[in-house]
Amino acid sequence: MEVIRDFADRAPVDLDAMARALGVEVRRDQNLPENVSGKIERRRAGVVATINASHLANRQRFTLAHELAHRILHSDLIGDGITDDGLYRSSLSDDIERQANAFAAELLMPARLVRKLYREGMKDTPSIAERFDVSYDAARVRLRELFG
Ligand SMILES: [Zn+2]
């Protein structure tokens, strides 16, 4: 958790550096099926997260955050690998996947940092989306979560 905190005070959050700090190798693959967002698996050399590189950049960032969430929260469930479909569903339960999505939102838009920027006047969805390099929808959901 301390590893994550090191990255939670600057927006946009440097997910690639976070992955390195967590010992996760990130691969971007243009050839994954359209309905696969990404996957995480254990290889001999370590944990590898593969991101569907044919998706939009914002989406790829969310996918990487989601796979890192699995690495952090569900390390013991990685088993032979977790493959997330287009809606971030996998062979794991929907509860587990919801947990990964919620944690991904926190990795991408740390509550403390969003609250700080909000207090400083950054209250609108487009500004938050741009500052954190996330989709408009992801920013809108996050603002609603944090401020109702
Ligand atoms: Zn997942």
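Along the sequence shown, the residues carry numbers beginning at 1. Counting starts at 1 for both ligands and their atoms, in listed order.
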Practice prompt. Would you mind reporting whether R59 and S135 have side-chain heavy atoms less than 4.5 Å apart?
Written response: no

Discussion item. Going by ring-ring contact (aromatic ring centres under 6.0 Å, His included), name the residues that satisfy it together with H74, two or more places apart in sequence or in a different chain.
Written reply: H70

Worksheet item: Within the stated cut-off of 2.8 Å, is an N/O/S atom of E67 closer than that to the Zn ion (ligand 1)?
Response: no

Worksheet item: So which N/O/S atom does D84 have closest to the Zn ion (ligand 1)?
Response: OD1

Worksheet item: Is the backbone of H55 close enough, under 3.5 Å, to the side chain of Q60 for a donor and an acceptor to pair up by distance?
Response: yes

Worksheet entry | Atom name of the N, O or S atom in E97 that lies nearest to the Zn ion (ligand 1) | OE1

Practice prompt. Any ring-ring contact (aromatic ring centres under 6.0 Å, His included) involving residues 123-148? Give me the pairs, sequence neighbours left out, ordered by first then second residue.
Written response: Y118-F147

